[in-house]
Amino acid sequence: MMELRKTLAGRIALTAVATVILLLLALPIVVILVTSFSNNAFASFPPETWTLNWYKALFADGSKWPAALSLSALVAALSTVFSLVIGVTAATALVRSELPLRSAVFALVLGPLVIPQIVTALGLFLLFEPAAMLGSPIAIALGHTVLASPIAVLILIATLRGIDERLEDAAASMGAGRLTIARKITFPLAAPGMIAAAIFSFITSFDEFYISQFLSSVDTVTLPVQVYNSLTFEIDPSVTAVSAILIAFAILALGLVALVRWLGSGRQDSLLSVENTVGVANPGGEAV
């Protein structure tokens, strides 16, 4: 492979192969986006005529999509908060402390990513059904947290490992307490990672189907479940419009993550200066 890259023909071949792979990956997305503007009720491609009717139908009177969208947004917001609390706590314990059986704890935290989602969904159903919590947004959010929190933990572990511990040691040597160090050193530097963890947790919850299907009720249907119902039990061209909106949302979220990481890339370098570190505590040892 290295020899292939050194030649002009090799570089051209690798570029061509990579371009073809990217086009194959992007082609279904392009088809969905174009089809969402088709005037055909059977979602034909390419469209014979162009229209915005399916986007208008999403918010028409009697439409089920606004309720499903608002419920998914509420559940995803709650799940994001729960995942960040668990993520910050677990990542700090795994990176900044001498935790006994660290490997076992790390494997336990990441366990939900290995277990099939339908098995997790069934277990959550058996947990919440006796408590009469099926259909509760809190129950669905807690269920989504099982899948979203490991992702937040992974992102925050990588973030904390990328923070120079000399900054925290310098602040501690000047008398700053743990809360002061966390508030003025660790959390500001970890902010880009925390925002990225929040975004990915939100996306994971917003797009989760199996847990939502097991824990939802007739009156509480999330957006992925509503998409499934529309594709299974009826012919609703509005599904293409919903899919296009979800694709745009995912692209926007990934762009926001990239922007946050770019804006926060220079924060650690700025805090490495002596002036910023000295400002954490006064010479007498009392945190300010």
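Within the model, atoms NZ of K64 and CG of N229 stand 7.5 Å from one another, a figure rounded to the nearest 0.5 Å. Taking OG1 from T222 and CG from L74, the interatomic distance works out to 11.5 Å, rounded to the nearest 0.5 Å. Interatomic distance, I115 CD1 to L110 CG, rounded to the nearest 0.5 Å: 11.0 Å. If you take CD1 on I86 and OG1 on T145, they are separated by 6.0 Å, rounding to the nearest 0.5 Å. To the nearest 0.5 Å, the span separating CG on L252 from CD1 on I247 amounts to 13.5 Å.
When the side chains of ILVMFWY residues are joined at heavy-atom separations under 4.5 Å, either directly or via intervening members, I251 and L256 end up in two distinct hydrophobic clusters. Two different hydrophobic clusters hold L142 and L84 under the rule that ILVMFWY side chains link at heavy-atom gaps under 4.5 Å. Linking ILVMFWY side-chain heavy atoms closer than 4.5 Å, directly or via other members, places L124 and I138 in a single hydrophobic cluster. Both V146 and F125 are part of a single hydrophobic cluster, where members link through side-chain heavy atoms under 4.5 Å apart. If you chain together hydrophobic residues whose side chains sit under 4.5 Å apart, V30 and F249 fall into the same group.
Within a 6.0 Å sphere centred on CG of L254, other residues, nucleotides and ligands contribute more than 12 heavy atoms. Environment of CG in L23: crowded, with over 12 heavy atoms of neighbouring residues, nucleotides or ligands closer than 6.0 Å.
Counting all heavy atoms, side chain and backbone alike, A170 lies closest to S173 at O-OG, 2.6 Å. Closest non-hydrogen pair, I155 versus G193, comes out as CG2-O, 3.5 Å. Of all heavy-atom pairs between A91 and L156, the closest is CB-CB, 3.7 Å. In terms of heavy-atom proximity, I32 sits nearest to A244 at CG2-N, 4.2 Å. In terms of heavy-atom proximity, P192 sits nearest to P188 at CD-O, 4.1 Å. Scanning both residues, T35 and V31, for their nearest heavy atoms gives OG1-O, 2.6 Å.
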Q. side-chain contact (heavy atoms from CB on, under 4.5 Å) between M194 and V88: does it pass, once the steps are laid out?
A. CA-CA 8 Å; M194 295 176 65; V88 171; 4.1 Å; yes
Q: List the steps, then state whether side-chain contact (heavy atoms from CB on, under 4.5 Å) holds for Q117 with L147.
A: CA-CA 8 Å; Q117 294 184 11; L147 296 181; 4.1 Å; yes
Q.
As a quick check of understanding, evaluate side-chain contact (heavy atoms from CB on, under 4.5 Å) for V239 and W54, giving each step before the final call.
A. CA-CA 8 Å; V239 174; W54 310 130; over 6 Å; no
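The backbone N or O of L69 lies less than 3.5 Å from no partner atom in the side chain of S72, so there is not a single donor-acceptor pair. In this structure a side-chain-to-backbone donor-acceptor pair under 3.5 Å is missing from S79 to V75. The backbone N or O of G135 lies less than 3.5 Å from a partner atom in the side chain of T220, making a donor-acceptor pair.
Annotation: side chain of W65 is in contact with side chain of L223 (closest heavy-atom distance under 4.5 Å). In this structure, Y55 and L52 have side chains that are in contact, with non-hydrogen atoms separated by less than 4.5 Å. Side-chain contact between L122 and I118 is absent, with no heavy-atom pair separated by less than 4.5 Å. Inter-residue side-chain proximity for L58 and I245 is flagged as met; some heavy-atom pair is nearer than 4.5 Å. The shortest distance between side-chain heavy atoms of L134 and S217 does not fall below 4.5 Å. Contact of the P150 side chain with the P112 side chain is registered, since non-hydrogen atoms from C-beta on lie closer than 4.5 Å.
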Side-chain donor-acceptor pairs of residues 196-209 under 3.5 Å, sequence neighbours excluded:
| from | atom 1 | to | atom 2 | distance (Å) |
| --- | --- | --- | --- | --- |
| S201 | OG | A197 | O | 2.7 |
| T204 | OG1 | F200 | O | 2.7 |
| S205 | OG | H144 | ND1 | 2.7 |
| E208 | OE2 | Y210 | N | 3.0 |
| E208 | OE2 | I211 | N | 3.0 |

